[in-house]
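Below: the structure, in structure tokens.
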Amino acid sequence: MSYSNITYLPKVRPILFWDTDFYKIDWERQKSAVIKRIKERGNAEEKKEIANFYNINPEDTVNSFTK
């Protein structure tokens, strides 16, 4: 999956990424870090948004986000 043509940013709270400039995140290169951060600090809606953004199977998302 190529993210070089991203047309939108995921609808998550920028404050979750307090330690970086939200608008400069490389969503492709930092995929695992983004998922980890949302897993740790995001709400249920943000977890669904990231699953949709990265085309993660919702069943896999439930498993990966609850561990």
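The figures here come from the full heavy-atom set of this structure, side chains too, leaving out hydrogens, waters and symmetry mates.
Between the CD atom of E49 and the CD atom of E45 there is a distance of 8.0 Å, given to the nearest 0.5 Å.
A salt bridge does not link D26 with K31: none of the charged nitrogens is closer than 4.0 Å to a carboxylate oxygen.
Using a 4.5 Å heavy-atom cutoff, the side chains of I56 and I35 are in contact. The shortest distance between side-chain heavy atoms of I38 and F53 does not fall below 4.5 Å.
Counting all heavy atoms, side chain and backbone alike, L16 lies closest to G42 at CD1-CA, 4.1 Å.
By the rule that hydrophobic residues join a cluster once side-chain heavy atoms approach within less than 4.5 Å of another member, F17 and I15 end up as members of separate clusters.
Looking at residues two or more places apart in sequence or on another chain, you find a side chain to side chain donor-acceptor pair (under 3.5 Å) between R13 and E46.
In summary, of the residues considered (Y54, F22, Y8), a ring-ring contact (aromatic ring centres under 6.0 Å, His included) with W27 occurs for F22 alone.
Under the 6.0 Å distance and 45° angle rule, R37 counts as a cation-pi partner of W18.
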